[in-house]
Amino acid sequence: MEEEGKNKIIIAIDGFSSTGKSTIAKQLAKQLNYIYVDTGAMYRAVTYFALENELIGESFFHEEELINRLPEIHITFKFNEELGFAEVYLNGENIEKSIRTLEVSRYVSLVSAVSEVRQKLVEQQQIMGKDKGIVMDGRDIGTVVFPKAELKIFMVASAETRAQRRYKELLERGHNLSYDDVLENVTTRDRIDSTREDSPLVKAEDALEIDNSDLTIESQLDKLLKLAQEMI
Ligand code: DC
């Protein structure tokens, strides 16, 4: 068993929203028999909590109260055999679907700019990766959470390509919205995520950049699998 653990690595996948990080990360983890962690889901879970408790809204953000209530927030993941990935739970409630709305997307960048929120989630993420054998996607995985990750990928794609993808995804899930709203959300989040003071979205120096605007999922997966196997 020890021998097995020795060869396991940490794969950090960072990048802008809707670059297809999670699709690739999920499949990569499956092929390698690794754990996959979607850290965006964790920031979304805290945002969902804030919305449910009326701590954030159109013209207000009770940041201090959210900070004080952080100990009430317990985020867990549970593997769903049917779906083939782990769904996110907030205090025992499956919130996988509820966190993928445009409403949560609207507020998540504000919530994730709060240092106390980041501290709590980063700590939990580091514990999840302590035995390696993990693929984690997010914004600060290769820079803050696992600066020593063996393989770091930074995914980029044009804002229009990303908004198209997200728009299609939301429509398929039955949400009624306009492409312009989605594009607006994507560019606003890019701006807030990359300019916040704590752990802004930046490419780690040793990360490999992949622009997947015109790449198929299969070709990206192929490339990443080869890279991972070389490291392992
Ligand atoms: O990956 P996503 O779009 O579901 O992430 C939602 C938001 O969470 C994103 O706009 C910024 C924030 N986030 C973060 O600040 N750090 C991470 N490691 C992951 C996500």
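Each ligand, and each atom within it, is numbered from 1 in the order the structure gives. What you see is a predicted model; the values in this text were computed from it and never measured.
The N/O atoms of R44, backbone and side chain alike, include one that comes under 3.5 Å of an N/O atom in ligand 1. Between D193 and ligand 1, at least one N/O pair is under 3.5 Å apart.
For atom 15 (O) of ligand 1, the nearest non-hydrogen atom from the set R196, R139, M136, R162 belongs to R196. Around atom 3 (O) of ligand 1, the closest heavy atom drawn from R189, Q125, R166, R118 belongs to R189.
Remark: the backbone N or O of P147 is paired with a side-chain donor or acceptor of K152 at under 3.5 angstrom.
Closest to atom 12 (C) of ligand 1 among all protein heavy atoms lies S112 OG, 3.4 Å. Counting only heavy atoms of the protein, atom 18 (N) of ligand 1 lies nearest to D140 OD1, 2.8 Å. Closest to atom 19 (C) of ligand 1, if we only count protein heavy atoms, is T39 OG1, 3.3 Å.
When all heavy atoms are compared, the tightest approach of D211 to L215 is O-CD1, 3.6 Å. Across all non-hydrogen atoms, the minimal contact from T19 to M155 is CG2-O, 3.5 Å.
Remark: L32 CG to L224 CG distance equals 9.5 Å, nearest 0.5 Å. Taken from CG in L70 to CD in Q119, the straight-line distance is 9.5 Å, to the nearest 0.5 Å.
Within the structure, salt bridge (Lys or Arg N to Asp or Glu O under 4.0 Å) pairs that include any residue of residues 92-115 comprise D38-R100, E96-R100 (at least two apart or interchain).
Taking every non-hydrogen atom of S109 and a distance limit under 4.0 Å, the qualifying atoms of ligand 1 come out as 10 (O).
Contacts between M42 and ligand 1, counted as non-hydrogen atom pairs separated by less than 4.0 Å, are absent for every part of the residue.
Partners of E150 according to the side-chain contact (heavy atoms from CB on, under 4.5 Å) rule, which considers only residues two or more places apart in sequence or in another chain, are I9, I10, K132, M231.
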